[in-house]
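Single-structure report; data block below.
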There are 2 protein chains.
Amino acid sequence: MELYSISSPRTHRSGDQPTSALETHLGYWLRLVSNEVSRAFASVLHEQGMSVAEWVAMNQLAAGTALTSAKLASTMGMTRGAISKILDKLDSKKLISRSISSVDSRVQFLSLTERAKRVLPRLTSVADGNDNHYFAALDSDEKASLYKLLRKLAEFHQMTRIPVE
Amino acid sequence: MELYSISSPRTHRSGDQPTSALETHLGYWLRLVSNEVSRAFASVLHEQGMSVAEWVAMNQLAAGTALTSAKLASTMGMTRGAISKILDKLDSKKLISRSISSVDSRVQFLSLTERAKRVLPRLTSVADGNDNHYFAALDSDEKASLYKLLRKLAEFHQMTRIPVE
DNA sequence: TATTGTTATACTCTATAACTATA
DNA sequence: TATAGTTATAGAGTATAACAATA
C-alpha cells in the first residue's frame with residue numbers, strides 16, 4: 001500500500017497508468033467517497049418520497065435545535081425562501097405543523113406531527129443502515145480514526161454548515 | 001477527545017447538548033467536510049468562469065483518459081447530452097477542439113487547445129492550493145492515514161464515478 | 001425601519017427522449 | 001439495427017428580490 005505523497009503530490013510512480021491530476025488531491029477522494037455514500041442515502045430517501053433537505057429539517061425539529069423558519073434557514077445555510085418551500089412539502093405530507101407565536105405573530109413555531117414521530121425512527125434506521133453498510137469496510141479502530149480526522153478538519157476550519165445535498 | 005462510538009452510535013454522553021441524530025453518522029462528517037472543501041474549490045473555479053464539470057472534463061482530456069464524448073460520458077457518470085453541453089461551453093471558451101474521425105465520421109476526437117494547455121496549470125495550482133489549505137490542519141501521518149482510509153472505502157465499494165459536483 | 005415568512009421569477013444543472021447522420 | 005453526438009423539453013433545487021404583515 002503506497003503512502004500519500006505529501007511533498008510532491010503529482011509524482012507518478014513508475015509503471016503507473018497515466019492518471020489525471022485530480023487523483024493526487026485528498027479532496028478528490030473525500031468527494032468521491034462522500035458522493036457515493038450520500039447518493040445512496042438520497043436515493044433511499046427518494047423512494048420514501050423525501051429529499052435530504054426535508055430529512056435534515058425534520059431532524060433539526062426533532063432535536064429542538066431550530067424551531068422556527070428563520071432559525072432553520074440559518075442552521076441549514078439556506079435562504080428563508082428555500083426553507084419555506086421545504087416546509088410546504090413537509091406540511092403537505094402532514095409531517096410538520098406550523099403555529100403562530102402568541103408573543104410575536106410574525107413568528108411561526110414548527111413542530112413534528114405524531115405521524116412524523118412515527119416515521120422518523122424508520123428513516124433513522126435507514127440512515128444507520130446506510131452508514132453501517134458503507135463503513136463496514138473499516139474496522140473499529142479505522143472508523144474511530146476516520147471520525148477523529150474528520151472532526152479535526154471540521155473543527156479547525158469551523159465548518160458548521162449542515163450538509164443538505 | 002472522545003472516540004467514535006461504534007456499538008451504540010446514538011448514545012448521548014452526559015452533559016451534552018441535545019444533538020440531532022445526524023451527527024452520529026460518519027457519513028455526516030464526511031459530507032460536512034467534503035462539502036466545504038468542494039464548495040470552496042467550486043467557488044474559485046466559478047470566479048474563473050468555469051464549472052467543476054468543465055474542470056474535470058479538461059483533466060480527463062489532459063490525462064488522455066477519455067478522448068471522445070461517449071467515453072467522457074461514461075467516465076464522468078453523466079449522459080451524452082449533459083457532456084455535449086459541457087463541451088459546448090469549453091468550446092466557446094476555445095479550450096477544446098473537436099475533430100471528426102477519419103475512420104468513423106460519427107466519432108469526434110476531443111483535444112485541448114494551446115490556450116487550454118496554458119490555462120490548465122494555473123487551475124491545477126488553484127486546486128493544489130485548495131487541497132493544501134484545507135488539509136493543512138493535519139500532519140503528514142494524519143494525511144497519509146486519511147488518504148489510506150478513503151482509498152480503502154473507494155476500493156472496497158468499487159467507487160469509480162469521478163466526482164463532478 | 002427591521003424582521004418573519006411567502007411568493008414570483010430566473011438560473012443552473014441534469015435527465016429523458018427524440019432526432020441526425022453515420023455505420 | 002446500432003451507435004455518436006445534438007437538441008428540445010422538463011424537472012429539481014436554489015437564489016434574488018419584492019411583498020405583506022407585524023414589530
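In this text, all values refer to a predicted model and were calculated from it rather than measured experimentally. Proteins come first, then strands; the chains are lettered A, B, ... in the order of their sequence lines, and each starts at number 1.
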* Given side-chain hydrogen bond (donor to acceptor under 3.5 Å, both in side chains), test A:T113 with A:S97 step by step and report yes or no. => CA-CA 6 Å; A:T113 60; A:S97 62; over 6 Å; no
* To do: Before giving the answer on side-chain contact (heavy atoms from CB on, under 4.5 Å), spell out for B:R31 and A:R31 the whole-Å C-alpha distance, their side-chain angles and the decisive distance to 0.1 Å.
  => CA-CA 8 Å; B:R31 197 61 173 169; A:R31 196 61 174 170; 3.4 Å; yes
* Mind running side-chain contact (heavy atoms from CB on, under 4.5 Å) on B:L95 and B:D91 for me, showing each step along the way? => CA-CA 6 Å; B:L95 291 171; B:D91 214 340; over 6 Å; no
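Scanning residues 32-41 of chain A for heavy-atom distances under 4.0 Å to DNA chain C yields an empty list. Of the residues in residues 48-59 of chain B, none has a non-hydrogen atom less than 4.0 angstrom from any atom of DNA chain D. Listed by residue number, the members of residues 68-79 of chain A with any heavy atom below 4.0 angstrom from DNA chain C are A:T68, A:S69, A:A70. Within a heavy-atom distance below 4.0 Å of DNA chain C, the residues of residues 96-107 of chain A found are A:R98, A:R106, A:V107.
B:M76 approaches B:A53 most closely through the heavy-atom pair CE-O, 3.4 Å.
Atom pair B:Q108:CD and C:dT22:P shows a separation of 12 Å (rounding to whole Å applied). Put simply, NZ on B:K89 is 10 Å from C1' on C:dT14, counting in whole angstrom units. What separates CD1 of B:I83 from C1' of C:dT14 is a distance of 11 Å, to the nearest Å. C:dT4 atom C1' lies 13 Å from atom CG of A:L87, rounded to whole Å. Going from atom NE2 of B:H46 over to atom C1' of C:dC13 covers 12 Å, rounded to whole Å. Per the geometry, NZ belonging to B:K85 stands 12 Å off C1' belonging to C:dC11, to the nearest Å.
Under the rule for a side-chain contact (heavy atoms from CB on, under 4.5 Å), the partners of B:Q108 that lie at least two apart in sequence or sit in another chain are B:R98, B:L110. For B:E114, the salt bridge (Lys or Arg N to Asp or Glu O under 4.0 Å) criterion is met by B:K117, not counting sequence neighbours. Under the ring-ring contact (aromatic ring centres under 6.0 Å, His included) criterion, B:Y134 pairs with A:H157, not counting sequence neighbours. Every residue two or more places apart in sequence or in another chain was checked for a salt bridge (Lys or Arg N to Asp or Glu O under 4.0 Å) with B:K94, and none qualifies. With sequence neighbours left out, B:E36 forms a salt bridge (Lys or Arg N to Asp or Glu O under 4.0 Å) with no residue at all. Taking the salt bridge (Lys or Arg N to Asp or Glu O under 4.0 Å) definition, one finds that B:R39 meets it with A:E165, sequence neighbours left out.
Ion pairing between a basic and an acidic side chain is recognised when a charged N comes within 4.0 Å of a carboxylate O; B:K152 and A:E142 show such pairing. B:E54 has a carboxylate O that lies under 4.0 Å from a charged side-chain N of B:K93, or vice versa, which qualifies the two as a salt bridge.
The closest side-chain heavy-atom distance from A:I162 to B:L32 is not below 4.5 Å. Between A:L45 and A:S51, every side-chain heavy-atom pair lies at or beyond the 4.5 Å cut-off. In this structure the side chain of A:L146 never reaches within 4.5 angstrom of the side chain of B:W29, judged on heavy atoms.
Taking the C1' atoms of five terminal pairs at each end of the helix from C:dT1-D:dA23 to C:dA23-D:dT1, the two resulting helix axes are inclined by 20°, rounded to 10°.
The distance from atom CG of B:N35 to atom CE of A:M159, rounded to the nearest 0.5 Å, is 10.0 Å. Once rounded to the nearest 0.5 Å, the distance linking CZ of A:F135 with CG of A:N130 reads 8.5 Å.
Counting 5' to 3', DNA chain D first comes under 4.0 angstrom of a heavy atom of chain B and last does so at the ends given by D:dA2 to D:dT9.
Under the 3.5 Å distance criterion, the side-chain polar atoms of A:D131 are left unmatched by any main-chain donor or acceptor of A:A127.
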